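Dropping a structure here in structure tokens format, bear with me for questions.
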Amino acid sequence: MSFKIACIQLAVSSDKSKNLTNAKNKILEASKNGAKIICLPECFNSLYGTNYFSQYAENIPNGESESKAYIIGGSIPEREDSTGKLYNTCTVYNPEGSMIAKHRKVHLFDIDIPGKITFKESDSLSAGNSLTHFDTKFGKIGVGICYDIRFPEMAMIAAQEGCIVMFYPGAFNMTTGPLHWELLQRARALDNQFYVATCSPARDMSATYNAWGHSTVVNPSGAVIATTDHEESIIYADIDLDEMKSIRQSIPTTLQKRYDLYTKITSITSNSN
Ligand SMILES: O=C(O)CCC(=O)C(=O)O
């Protein structure tokens, strides 16, 4: 069994309604081209930056959707009225338009590479506290947002839960993009012998944050099967469950795990969110 997915590398501007119209048109195009699960990029309705999140934030649920596909709605800044908190949130819709999952970015992007990039999402955002997997008629799917991809435990749990694809809407940058973007995707895919799909905004050199682009799909053997550069585009890939099965049979690491020896991982205390 195989089915087609699409990642829409959207050009995002400061004009929210233009972004929404553009996203809708591209979703319809991908759906017409046969994509059954369609992913939008991180922060597809707004420019990416801690000073923009509040301005563009929305309450969730609020959305509308139309196409014959599952939509992984990238992410938007979410405002929670009861607490006043903001989250970086991905909503997922089934082909009937009902929201079936909501992922709040769990690991916030706080980094400091002197002379290159300093970013502190936690200045304006709060972290989510749960992992997200949802059922589709094709199989179970997992979602993380951007920096979440750096944490292998999250993808590992998704694989354990039976996910066949892990989607990461993300907006890496001109420093960490060339360093780690593809490497992380291939690592997550190979470690877990499942598909990994990433979806970035297109690059805008006039914006304050320059996205790396390069939306990509990697197969369960760690090979890149679809990718692009930094321009606006849609990438497509076939998710082939027979291929996944045969990769898992040839090098059966998925069956050879020694969970009896890995118990320490769950007992290490991390900075809790
Ligand atoms: O991990 C990185 O290098 C980039 C992460 C990022 O841009 C994000 O989480 O939004």
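Since the model is a prediction, treat every value here as computed from it, not as a measurement. Positions are given from 1 along the sequence. Note that these values count all heavy atoms, side chains included, but never hydrogens, waters or copies made by symmetry. Ligands are counted one by one from 1 in listed order, and the atoms in each one are counted from 1 as well.
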Exercise for the section: Compute both the distance and the angle, then confirm whether K4 meets the cation-pi test with Y236: under 6.0 Å from the six-membered ring centre, within 45 degrees of the axis. Expected result: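 Cation-pi check for K4 and Y236: passes.
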Practice task
Determine, using ring centers only, whether Y70 and F134 are less than 6.0 Å apart.
Solution key: no
Practice task
Looking only at protein heavy atoms, identify the closest one to atom 1 (O) of ligand 1 and say how far it is in Å.
Solution key: R150 NE, 2.6 Å
Exercise for the section: Indicate yes or no: does E80 engage R104 in a salt bridge with an N to O separation below 4.0 Å. Expected result: yes
Completion exercise
Tested for side-chain contact (heavy atoms from CB on, under 4.5 Å) against I38, the lone hit among N33, I71, I72 is I71
Exercise for the section: Could you list the atoms of ligand 1 found under 4.0 angstrom from a heavy atom of A171? Expected result: 6 (C), 7 (O)
Exercise for the section: Could you tell me whether some N/O pair between E42 and ligand 1 is separated by less than 3.5 angstrom? Expected result: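 Checking ligand 1 against E42, an N or O pair does fall under 3.5 Å apart.
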Problem - SB check K120 D123 (cutoff 4.0 Å) - result: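 Result for this pair is yes, salt bridge flagged.
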Problem - Polar atom proximity, C146 to ligand 1 (N or O, under 3.5 Å) - result: no
Practice task
Flag the pair E78 and K85 as a salt bridge only when some basic side-chain nitrogen lies within less than 4.0 angstrom of an acidic carboxylate oxygen.
Solution key: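 So E78 does not pair with K85 through a salt bridge.
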Exercise for the section: Pull out every atom of ligand 1 sitting under 4.0 Å from any heavy atom of K105, numbered as shown with elements. Expected result: 8 (C), 9 (O), 10 (O)
Practice task
Provide the number and element of each atom of ligand 1 under 4.0 Å from a heavy atom of Y209.
Solution key: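 Numbered from 1, ligand 1 contributes 7 (O).
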Exercise for the section: Could you list the atoms of ligand 1 found under 4.0 angstrom from a heavy atom of T176? Expected result: 2 (C), 3 (O), 4 (C)
Problem - Nearest-neighbour protein heavy atom for atom 10 (O) of ligand 1, which is reported as residue plus atom name and distance - result: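 It is Y48 OH, 2.5 Å.
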Exercise for the section: Please determine if E121 has a nitrogen or oxygen closer than 3.5 Å to a nitrogen or oxygen of ligand 1. Expected result: no
Exercise for the section: Look at E231 together with R203 and state whether they make a salt bridge at an N to O cut-off of under 4.0 Å. Expected result: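 Between R203 and E231 there is no salt bridge, as every charged N stays at least 4.0 Å from the carboxylate O atoms.
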